[in-house]
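Below is one structure; the comments refer to it alone.
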Amino acid sequence: MEFTIECHPREAGSKARALRRAGLIPANLYGHKGAESISLTVDSKTVQNLLKAATVNNTLIDVNIPELSWNGKALLREVQRHPWKGFPYHLSFFSIAAQKKVEVLVKLNFVGTAIGVKQSGGLLDSPISEVRVQCPPDRIPESINVDVSDLAVGNFLAVKDLDIPEGITIMAEPKQLVVTVLASRVTRKMAEEEQEG
């Protein structure tokens, strides 16, 4: 999914609180010229819409800065929020124009109902809900499907078992546990009683 936003250069010496009162959110763009960064402002309504559609480190955003005649693709790298009110008060973007590959976090989407859950009353346990991947900027997956249908109680899937689209590399230990089916307390108790009997 891609999203387009328009930003404007932030005036030197402008105060973040004053900008927010004026309906603008301070932001920074990194990576467009090596280590340089640009201080920007984004309309707060645009930010609200962006945060409904975008995920940090996963969504490509078309950033347009008319005053600088700059337009390019960027990742939303960080969203700083007010500690208790929760509203965003600063954004960070990272330009990927010069990047052949980027590292992003991708959500795992667990598909199906495990046999061990359906037939044996087991519990599906997933210690991780996302993985870090490396891929070309135009190949960022929105999510990775993990089919759990064939998992019986005691079965598991590791990172090496995931079905990954071509050109994408998972930056995690191949043996890292992704999902398993645990025996429920009731199932364990019945198994113990059978052994004792």
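All values below were derived from every heavy atom in this structure, side-chain atoms included, with hydrogens, water molecules and symmetry-related copies excluded.
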ask   = Does D125 have any side-chain hydrogen bond (donor to acceptor under 3.5 Å, both in side chains) partners at least two apart in sequence or in another chain, and if so, which?
value = none

message = Test of understanding: with side-chain hydrogen bond (donor to acceptor under 3.5 Å, both in side chains), list the residues that count as partners of S39, not counting sequence neighbours.
response = none

Acceptor/donor pairs from residues 10-17 side chains to any protein atom, 3.5 angstrom cut, sequence neighbours excluded:
{"unit_1": "R10", "atom_1": "NE", "unit_2": "L40", "atom_2": "O", "d": "3.2"}
{"unit_1": "R10", "atom_1": "NH2", "unit_2": "A27", "atom_2": "O", "d": "2.9"}
{"unit_1": "R10", "atom_1": "NH2", "unit_2": "N28", "atom_2": "OD1", "d": "3.4"}
{"unit_1": "S14", "atom_1": "OG", "unit_2": "E11", "atom_2": "O", "d": "2.7"}

key: Distance-minimising heavy-atom pair for R20 and I25   = CG-CD1, 4.4 Å

note = Correct closest heavy-atom pair for S149 and G112 would be OG-CA, 3.7 Å

query = F87: what forms a ring-ring contact (aromatic ring centres under 6.0 Å, His included) with it, not counting sequence neighbours?
reply = H82

For residues 162-182, dump all side-chain donor-acceptor pairs below 3.5 Å to protein atoms at least two apart in sequence or in another chain.
{"unit_1": "T180", "atom_1": "OG1", "unit_2": "N155", "atom_2": "O", "d": "2.9"}

With clusters defined by side-chain heavy atoms of hydrophobic residues (ILVMFWY) lying less than 4.5 Å apart, directly or transitively, does [Y] cluster with [X]?
X: I144; Y: F156; value: no
X: L105; Y: V102; value: no
X: V117; Y: I115; value: no
X: Y89; Y: L19; value: no

remark   = One should read off an interatomic distance between L108 CG and S126 OG, to the nearest 0.5 angstrom, of 8.0 Å

query = How many angstroms lie between atom CD1 of I5 and atom CG of L50, to the nearest 0.5 angstrom?
reply = 5.5 Å

message = Using the side-chain contact (heavy atoms from CB on, under 4.5 Å) criterion, which residues pair with L51? Sequence neighbours excluded.
response = V47, L76, V79, R81, P88

